[in-house]
*Asks:* 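Submitted below is the structure of interest, expressed as structure tokens.
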Amino acid sequence: MFDKENIHDVFTVAPVNYGTLTTDDVAHQIAAESSATPGDVKNVLGRYAYYVVENLKKGYAIQLLGFGTLNIRFMKTKTVSSEKMANASLIKGLVPGFTPSYTVVNGSRIYDLLPDKIQLVKYSGPATGETAPENPAESGETLPDPIE
């Protein structure tokens with residue numbers, strides 16, 4: 001039960017993002033494990049992004065290996081009672097859609113993008129001038145299997 005008067009005694013867990021890896025960062029990581037240069041990797045990633053957008057414009061959904069499927073979704077204003085009234089005027093805007101890829105194991109979805117295990121660590125934010133640790137979950141508690 002939530003006690004509004006003792007709000008400082010309420011705790012929960014939440015994922016922490018230790019930062020963002022840029023395309024340059026990822027290109028260097030991939031290049032370190034392949035025969036491609038960082039420039040080669042960035043060129044392929046750039047062309048891939050271009051063709052994803054181009055093919056979404058043409059009406060295709062794009063399945064990304066190990067990630068999921070990208071598509072375009074409509075933001076609609078309302079529903080109507082006849083087929084004749086269902087037209088472009090109902091579309092308020094477009095948004096990118098993403099459905100992560102998964103496999104079903106024993107009736108539960110296992111998402112390809114999620115690691116098999118993660119660590120639970122106490123995090124109170126980086127101190128002034130401090131950077132996130134290279135492996136922030138080194139000494140944490142292992143979480144149970146993912147829940148759908």
Side-chain angles (χ1 to χ4, degrees), residues 2 10-148:
F2 187 72
V10 177
F11 302 93
T12 189
V13 295
V16 173
N17 181 335
Y18 288 103
T20 300
L21 294 176
T22 66
T23 302
D24 282 342
D25 296 330
V26 173
H28 281 90
Q29 288 178 343
I30 293 170
E33 298 178 1
S34 70
S35 61
T37 68
D40 293 336
V41 174
K42 285 175 27 181
N43 186 35
V44 170
L45 292 173
R47 297 306 339 162
Y48 192 71
Y50 171 81
Y51 281 105
V52 165
V53 172
E54 287 301 306
N55 286 299
L56 286 172
K57 281 186 208 175
K58 294 175 184 176
Y60 291 97
I62 311 297
Q63 186 176 15
L64 306 170
L65 178 66
F67 290 97
T69 303
L70 291 166
N71 56 23
I72 293 176
R73 294 186 180 158
F74 292 151
M75 292 174 52
K76 296 174 280 230
T77 57
K78 60 184 177 179
T79 57
V80 291
S81 58
S82 76
E83 183 178 346
K84 202 170 219 177
M85 294 169 54
N87 57 39
S89 68
L90 298 177
I91 301 169
K92 182 178 168 185
L94 303 174
V95 294
F98 178 71
T99 305
S101 63
Y102 63 89
T103 54
V104 177
V105 177
N106 297 326
S108 294
R109 290 182 182 184
I110 307 297
Y111 291 95
D112 296 339
L113 287 173
L114 294 178
D116 292 334
K117 294 183 183 211
I118 61 171
Q119 302 292 317
L120 187 62
V121 296
K122 184 173 183 178
Y123 180 77
S124 26
T128 306
E130 186 179 313
T131 59
E134 183 136 341
N135 185 359
E138 278 181 344
S139 63
E141 171 188 344
T142 301
L143 293 178
D145 289 335
I147 300 172
E148 180 147 352

*Asks:* Taking C-beta and beyond as the side chain, do F74 and L90 meet within less than 4.5 Å on heavy atoms?
*Replies:* no
*Asks:* Ignoring hydrogens, what is the shortest heavy-atom contact between P38 and A27? Give both atom names and the distance.
*Replies:* O-CB, 3.7 Å
*Asks:* For atom CD of Q63, is the number of surrounding heavy atoms from other residues, nucleotides or ligands below 6.0 Å larger than 12?
*Replies:* no
*Asks:* Determine the minimum heavy-atom distance between A61 and T69, stating which atoms define it.
*Replies:* CB-CG2, 3.8 Å
*Asks:* So which heavy atom on H28 is nearest to which on D24, and how close?
*Replies:* ND1-O, 2.8 Å
*Asks:* Take atom CG in L65; do more than 12 heavy atoms of anything else shown fall under 6.0 Å from it?
*Replies:* no
*Asks:* Can you give the donor-acceptor pairs under 3.5 Å from side chains of residues 91-102 to other protein atoms, not counting sequence neighbours?
*Replies:*
from: T99; atom 1: OG1; to: R73; atom 2: NH2; distance (Å): 3.4
from: S101; atom 1: OG; to: F67; atom 2: O; distance (Å): 3.4
from: S101; atom 1: OG; to: D112; atom 2: OD2; distance (Å): 2.7

*Asks:* Let me confirm one number: the CG-CG distance from L113 to L64, rounded to the nearest 0.5 Å.
*Replies:* 9.5 Å
*Asks:* Run the numbers on I62 and Y51 for side chain to side chain contact (heavy atoms under 4.5 Å, CB included), then give the verdict.
*Replies:* CA-CA 10 Å; I62 311 297; Y51 281 105; over 6 Å; no
*Asks:* Kindly give the heavy-atom pair with the smallest separation between T77 and S89, and that separation in Å.
*Replies:* OG1-O, 4.2 Å
*Asks:* Listed by chain and number, what are the side-chain contact (heavy atoms from CB on, under 4.5 Å) partners of K57, not counting sequence neighbours?
*Replies:* V53, E54
*Asks:* Going from CD1 on I30 to OG1 on T37, what distance comes out if it is rounded to the nearest 0.5 angstrom?
*Replies:* 11.5 Å
*Asks:* Quick one: side-chain hydrogen bond (donor to acceptor under 3.5 Å, both in side chains) partners of T22, sequence neighbours excluded?
*Replies:* D25
